[in-house]
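Notes follow once the structure below has been shown.
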Amino acid sequence: MKKPPFLGTKRIGLAMLVLAAYGAPAAAGDGDAFHPFVGLGYTHDDNLLRLPDGATLGGQRGDSMRQVVAGLLFDRTYSLQELYFQGKVTRVRFSHFDQLDYDGTDVTGRWKWQLGREWSGTLEGDYSQTLAPYTDFHSDERNLRTERRAFAEAMWRFDPSWRVRGALTQDKFTYDLAVQKFNDRTERLAEVGVDHLARSGNYAGLVVRRLKGEFPNKRVFGSSAIDEDFDQDELKARVSWRYSGLTQLDVLAGWAKRKHAVFTERDASGANGRVTLTYTPTGKTKLTAAAWREFAALESNVASYSLNKGASLAAAYQATGKTRVDASYSYEKRNYAARINSPVALDFSDSLKTASAGVNYAATRHVQLNLTAYRQSRSGSAALGLGSFKAKGVSCSANLQF
């Protein structure tokens, strides 16, 4: 069973771009289920804090950071039960903006259970503390974000061709920086659906979802304290279908309506979801394309969420038995929930473009080396005081799994 989509698309920041390079251990080996791992990494970014074009902080825009990772991976199947655990600690140090130095923690535990032929499901918990991205918030102060996530799912296959499914998810986000406390929030998702199952293992169905967001700290504009709480109702198709062994289609898309307790002009409804198509023409090449129209949380002083439309393309090529080349590109246009009354038409939107290319080399069964280059840009929104920026960087890493 695939892990459900995250509640609210995460902004693509420095952390996301470089964690792909050295945030995960080398591939698990055979035998013992316990696998300790360590890693070293180095990244240089020419606009670390995503400052608008031409702006600096103390005459500085770029910086380099060094990362040390240590952790433990456990992965084993006992009869029909699959158990997974990964815990790691990360030490990150910056060359210039050393006030951003931090020690991060990531823990994931998952139990994929099955009871007979009819009942199955997943219990999962995640904890993560890391530096929040600066894509939509400009500061040279350290802003640690802590995320706690709990997920429970149960499925009943009452007929060889049909099953019902229910799931509950809770995400809680908290921020260390005082001026970002209004982004503290808890998101609770309840969903129930029915799937038609094909003999091939493919499925297609419908799901009804209810998402509730609670913000304990009010966002202040002038003399007003804004209530950001919201309710979101969804009716979506849920599809996972493989054609001819080469093409995989995954869909969670349909209709959504988002409502707020106050400032109801922020309410929105319409098409909402994500479609992903994976094409594997050969054993060495894999292409993945995605398109989405989703509500997403924002970590900014301007708004708590945006309505995003985007598309992405990623390619992976296994050049040799030890070398894999990866490349990706994404474009996303973000429309903000504006609260500004103006007699003239204003553009409350911007766009993000992100591209990356890298090579991964498996030096041995337990050692992986990685080199990645990336570039990101934002068009900006003058109406909301968000300037355009460009950023590029390079990262390298080495990971050892025992």
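Remember, predicted model here, so these are calculated numbers, not experimental data.
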To the nearest 0.5 Å, atom CZ of Phe34 lies from atom CZ of Phe85 at 9.5 Å

Would you indicate whether the side-chain heavy atoms of Val68 and Val89 approach each other to under 4.5 Å?
no

- Distance-only donor-acceptor check, side chains Tyr134 and Asn143, under 3.5 Å: no

Here the gap from Ser240 atom OG to Asp250 atom CG, rounded to the nearest 0.5 Å, amounts to 4.0 Å

Quick one: do the Thr174 and Asp184 side chains pair a donor with an acceptor below 3.5 Å?
no

- prompt: With side chains defined as the heavy atoms from C-beta onward, is the minimum distance between Ser379 and Ser351 less than 4.5 Å?
  reply: yes

Does the side chain of Gln376 pick up a donor-acceptor pair with the side chain of Thr135 at under 3.5 Å? no

(Q) I'd like to know if Asp231 and Arg258 make a salt bridge, using a cut-off of under 4.0 Å between side-chain N and carboxylate O. (A) no

Query raised in the report: How far apart are the C-alpha atoms of Trp255 and Lys236, what are their side-chain angles, what is the distance that settles it, and do they pass the side-chain contact (heavy atoms from CB on, under 4.5 Å) test?
Result: CA-CA 6 Å; Trp255 176 90; Lys236 293 183 174 180; over 6 Å; no

Notebook entry, point to check: Does the pair Arg188/Glu214 count as a salt bridge with the N-to-O cut at 4.0 Å?
Noted result: yes

Which of Arg148, Arg149, Lys112 passes salt bridge (charged side-chain N to carboxylate O under 4.0 Å, His left out) with Glu124? It is Arg149

dist Tyr78:OH -> Leu83:CG (nearest 0.5 Å) comes out at 6.5 Å

Worksheet item: Can a salt bridge be assigned to the pair Lys257 and Asp233 using a cut-off of 4.0 Å between side-chain N and carboxylate O?
Response: no

**Prompt:** Do the side chains of Trp156 and Glu118 get nearer than 4.5 Å, heavy atoms only?
**Reply:** yes

OG of Ser330 to CH2 of Trp292, rounded to nearest 0.5 Å, is 5.5 Å

Nearest heavy-atom approach of Asn47 to Ala391 is CB-CB, 3.7 Å

Scanning both residues in full, the closest heavy-atom pair of Ala256 with Gln232 reads CB-NE2, 4.2 Å

With no hydrogens and no angle check, is any side-chain donor or acceptor of Gln60 less than 3.5 Å from a backbone partner on Gly62? yes

Nearest heavy-atom contact between Ala289 and Leu313 is CB-CD1, 4.1 Å

Exercise for the section: Take the angle between the ring planes of Phe230 and Phe215 and call it parallel below 30°, perpendicular above 60°, tilted in between. Expected result: tilted

Q.
Less than 4.5 Å apart, side chain to side chain, heavy atoms only: is that true for Leu369 and Asn360?
A. no

Original post:
Do Phe37 and Leu73 pass the side-chain contact (heavy atoms from CB on, under 4.5 Å) test, and can you show the C-alpha distance, the side-chain angles, and the key distance before you say yes or no?
Top reply: CA-CA 8 Å; Phe37 60 88; Leu73 172 68; 4.2 Å; yes

* To do: Check the side chains of Arg142 and Gln99 for a donor-acceptor pair under 3.5 angstrom, ignoring hydrogens and angles.
  => no

Does Tyr203 offer a backbone N or O that forms a donor-acceptor pair with the side chain of His196 under 3.5 Å?
-> no

Are side-chain N/O atoms of Asn335 and Lys309 paired as donor and acceptor at under 3.5 Å?
-> no

Evaluate the side-chain contact (heavy atoms from CB on, under 4.5 Å) criterion for residues Phe94 and Ser64: first the C-alpha distance (whole Å), next the side-chain angles of each, then the deciding distance (0.1 Å), finally the verdict.
CA-CA 6 Å; Phe94 294 84; Ser64 300; over 6 Å; no

**Prompt:** Can you tell me if Arg365 and Gln401 form a side-chain donor-acceptor pair at under 3.5 Å?
**Reply:** no

**Worked check of side-chain hydrogen bond (donor to acceptor under 3.5 Å, both in side chains) between Arg66 and Ser95** = CA-CA 8 Å; Arg66 303 168 303 282; Ser95 297; 3.2 Å; yes

Under a 4.0 Å N-O cut-off, is there an ion pair linking Arg157 with Asp159? no

Checklist entry - Just checking, is any N or O donor in the side chain of Tyr102 or Gln129 under 3.5 Å from an acceptor N or O on the other one? => result no

If you define the side chain from C-beta out and look only at heavy atoms, does anything of Lys390 sit under 4.5 Å from Arg375? yes

In terms of heavy-atom contacts, Phe182 and Lys218 come closest through CB-O, 3.9 Å

task = Kindly say whether Val262 contributes a backbone atom to a donor-acceptor pair with the side chain of Arg266 at under 3.5 angstrom?
result = yes

*Between the side chain of Glu141 and the main-chain N/O of Leu177, is any donor-acceptor distance below 3.5 Å?*
no

_Check: Arg274 side chain, Glu294 main-chain N or O, donor-acceptor pair, under 3.5 Å_ = no

State, with a plain yes or no, whether a side-chain heavy atom of Thr276 is found less than 4.5 Å away from one of Thr288.
yes

One pair to check against side-chain contact (heavy atoms from CB on, under 4.5 Å): Tyr42 and Ser397. What are the steps and the verdict? CA-CA 6 Å; Tyr42 173 85; Ser397 66; over 6 Å; no

Any side-chain to backbone donor/acceptor pair from Thr320 onto Lys322? Under 3.5 Å, distance only.
yes

Hey, are Tyr243 and Asn202 close enough side-chain-wise for a donor-acceptor pair under 3.5 Å? no

Original post:
If you measure only the distance, is there a donor-acceptor pair under 3.5 Å linking the side chains of Arg145 and Ser128?
Top reply: no

Rounded to the nearest 0.5 angstrom, the OG1-OH distance for Thr354 and Tyr374 is 11.0 Å

**Request:** Taking atom types as modelled, find out whether Tyr305 and Arg334 have a side-chain donor-acceptor pair closer than 3.5 angstrom.
**Result:** no

- Query: Just by distance, do the side chain of Asn370 and the backbone of Cys396 share a donor-acceptor pair under 3.5 Å?
  - Reply: no

Can any side-chain N or O of Arg293 pair as donor or acceptor with the backbone N or O of Ala271 at less than 3.5 Å? yes

d(Asp171 CG, Thr186 OG1) to nearest 0.5 Å is 9.0 Å

Determine yes or no for a side-chain-to-main-chain donor-acceptor pair under 3.5 angstrom, with Asp267 supplying the side chain and His260 the backbone. yes

I'd like to know whether NZ of Lys181 has more than 12 heavy-atom contacts from other residues, nucleotides or ligands below 6.0 angstrom.
yes

Have His96 and Asp63 got a donor and an acceptor in their side chains that come within less than 3.5 Å? no

Does the side chain of Tyr84 pick up a donor-acceptor pair with the side chain of Glu82 at under 3.5 Å?
-> no

Tightest non-hydrogen contact, residues Pro36 and Leu72, listed as N-CD1, 3.8 Å

- Query: Considering only heavy atoms from C-beta outward, does the side chain of Glu191 approach that of Val208 to under 4.5 Å?
  - Reply: no

Query raised in the report: Where the side chain of Ser79 meets the backbone of Gln81, is there a donor-acceptor pair that is under 3.5 Å apart?
Result: no

Result for side-chain contact (heavy atoms from CB on, under 4.5 Å) between Arg91 and one of Asp101, Asp103, Val69 points to Asp103

Checklist entry - Is Arg238 salt-bridged to Asp195, cutoff N-O under 4.0 Å? => result yes

State, with a plain yes or no, whether a side-chain heavy atom of Ser388 is found less than 4.5 Å away from one of Arg378.
no

What one should report as the nearest heavy-atom pair of Gly116 and Leu80 is O-CD1, 4.3 Å

